[in-house]
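One structure is given here, and the rest of the page talks about it.
Positions are given from 1, in the same order as the sequence printed here. Computed from a predicted structure; not experimentally measured.
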Amino acid sequence: MADEPLVLGIETSCDETGVGIVRGTTLLADAVASSVEEHGRFGGVVPEIASRAHLEAMVPTVQRALDEAGIKASDLDGIAVTAGPGLAGALLVGVSAAKAYAYALGKPLYGVNHLASHICVDQLEHGRLPEPTMALLVSGGHSSLLLTEDITSDMRSLGATIDDAAGEAFDKVARLLNLGFPGGPVIDRYAKEGDPAAIAFPRGLTGSKDPAYDFSFSGLKTAVARWVEAKRRAGEDVPIRDVAASFQEAVTDVLTRKAVRACKDNGVDHLMIGGGVAANSRLRAMAQERCDRAGITLRVPRPKLCTDNGAMVAALGAEMVRRDRAPSALGLSADSSLPVTETHVPADHDALHRHAEHG
């Protein structure tokens, strides 16, 4: 194991300051400082609050990770950081810190893709990913199906959300039901005591002429809102647990149905589910049931590794080092709209983009 690359990863794309340390595919430390409580009273993430929280948490969280791993910063083989996508200000804090550590320590810097990191983190739980692997990424900002031929360089987008992502829909429905923020965990909790067949909510983009791999949850969110409003106008109690269960069933039905179809259509026998919504208990159970029936091997990390964390960034960074991928330049920029197909930002990334802009 000592010959495997030792990499520290920094994640600041949203409201979690995550610092992880990985040796190869072995997790040594996973330190997280969350600002979720500060955002809760606003019903969602406030970018300025997130950025300031990252600034305050960065150095102590890095030190906590080093202490947990029992190593010195000088022992590291590289520094990895989420370069995008995410909130611009939040990303800048992490990228600036990573550049400072890389420069001070004389270590290579790897700016990596947040979404690719959510896939690579599974290697810390179940070993290296088979190639190809189908990846279903479900989070607050993304619902995507990705054919992953090489986690460090070759990911092809098959489909994505055209409006609200699954995580956004969970947050909005939770707010509608006055259940608080974030919505995913609380909807999951209430749904366990409800009837998933109580209300026939729509399944978006599942018609025969609809895009096979794209997602849409805006119509579902609206249908829930109208159903709840009708109950309230009639002076009736809203069965919150049944609404939560029926809504959750609609989301997980669509996600798993399209993911299994993508595997079958592309001849892929491994499905990996990542992102914050992958912690949802019904999604995990339904995916397992459908994968078992289809002869597909399902890989889902434990819930703590599904949400944003530094371990996932370190895992992808370690894979970059192992496969001898080019490091990023110290002039690395944060890119809030970094395409999912760009798994990392090599040294010539900015030059290539400038050339493209000027023809």
Side-chain angles (χ1 to χ4, degrees), residues 1-13 16-35 53-83 90-91 93-114 116-129 151-152 274 301-330 332 343-345 347:
M1 189 176 101
D3 294 333
E4 294 277 4
L6 180 65
V7 174
L8 179 144
I10 296 174
E11 155 60 24
T12 62
S13 66
E16 307 279 352
T17 306
V19 179
I21 298 177
V22 165
R23 190 185 293 277
T25 60
T26 301
L27 177 61
L28 302 183
D30 182 20
V32 178
S34 176
S35 60
H54 290 312
L55 278 170
E56 294 174 2
M58 181 57 63
V59 172
T61 308
V62 169
Q63 190 57 54
R64 185 151 49 94
L66 291 169
D67 292 343
E68 184 181 334
I71 65 166
K72 300 182 298 229
S74 57
D75 296 330
L76 295 166
D77 296 312
I79 307 290
V81 63
T82 298
L91 289 169
V93 176
V95 168
S96 297
K99 290 194 289 188
Y101 280 111
Y103 179 77
L105 296 167
K107 305 295 183 180
L109 173 70
Y110 295 87
V112 301
N113 191 293
H114 176 79
S117 298
H118 269 304
I119 299 173
C120 198
V121 75
D122 187 66
Q123 295 197 154
L124 304 181
E125 187 114 45
H126 301 116
R128 291 202 162 89
L129 286 163
I151 191 60
T152 65
R302 60 184 179 271
K304 186 179 178 183
L305 292 180
C306 291
T307 53
D308 292 349
N309 59 80
M312 68 187 199
V313 179
L316 184 51
E319 197 64 22
M320 294 287 176
V321 175
R322 188 179 77 87
R323 300 196 190 200
D324 200 26
R325 301 301 184 211
S328 304
L330 282 175
L332 172 70
T343 56
H344 87 298
V345 183

Rounded to the nearest 0.5 Å, what's the gap from [atom1] on [X] to [atom2] on [Y]? Could you check?
X: M312; Y: T307; atom1: CE; atom2: OG1; value: 8.5 Å
X: N113; Y: H118; atom1: CG; atom2: NE2; value: 10.0 Å
X: T343; Y: Y110; atom1: OG1; atom2: OH; value: 12.5 Å

Side-chain contact test, heavy atoms from C-beta onward, threshold under 4.5 Å: evaluate it for [X] versus [Y] and give yes or no.
X: P301; Y: L124; answer: no
X: L305; Y: D30; answer: yes
X: I79; Y: V7; answer: no
X: P60; Y: Q63; answer: no
X: L91; Y: S13; answer: yes
X: L66; Y: L8; answer: yes

Is it true that [X] and [Y] have a side-chain N and a carboxylate O under 4.0 angstrom from each other?
X: E125; Y: R302; result: yes
X: K304; Y: E16; result: no
X: E68; Y: R64; result: no

Would you name the heavy atoms of [X] and [Y] that are closest together and state the gap between them?
X: A97; Y: M58; value: CB-CG, 3.7 Å
X: I21; Y: A69; value: CD1-CB, 3.9 Å
X: C120; Y: L129; value: CA-CD1, 4.5 Å
X: A318; Y: P5; value: O-CG, 3.4 Å
X: V81; Y: A98; value: CB-CB, 3.5 Å
X: L330; Y: A102; value: CD2-CB, 4.2 Å

Exercise for the section: Using the side chain to side chain contact (heavy atoms under 4.5 Å, CB included) rule, pick out the option among L316, V313, N309, L27 that qualifies with V121. Expected result: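 Among L316, V313, N309, L27, the one that satisfies the side chain to side chain contact (heavy atoms under 4.5 Å, CB included) with V121 is N309.
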
Problem - side chain to side chain contact (heavy atoms under 4.5 Å, CB included) partner of L6, the single match among L28, V321, V22 - result: L28

Exercise for the section: Answer with yes or no whether the side chains of E11 and T82 bring together a donor and an acceptor at under 3.5 Å. Expected result: yes

Handout entry: Distance-only donor-acceptor check, side chains H54 and T12, under 3.5 Å
Key = no

Donor-acceptor under 3.5 Å ([X] side chain, [Y] main chain):
X: E319; Y: I151; answer: no
X: K107; Y: Y101; answer: no
X: H344; Y: A326; answer: yes
X: S328; Y: G111; answer: yes
X: D75; Y: K72; answer: yes

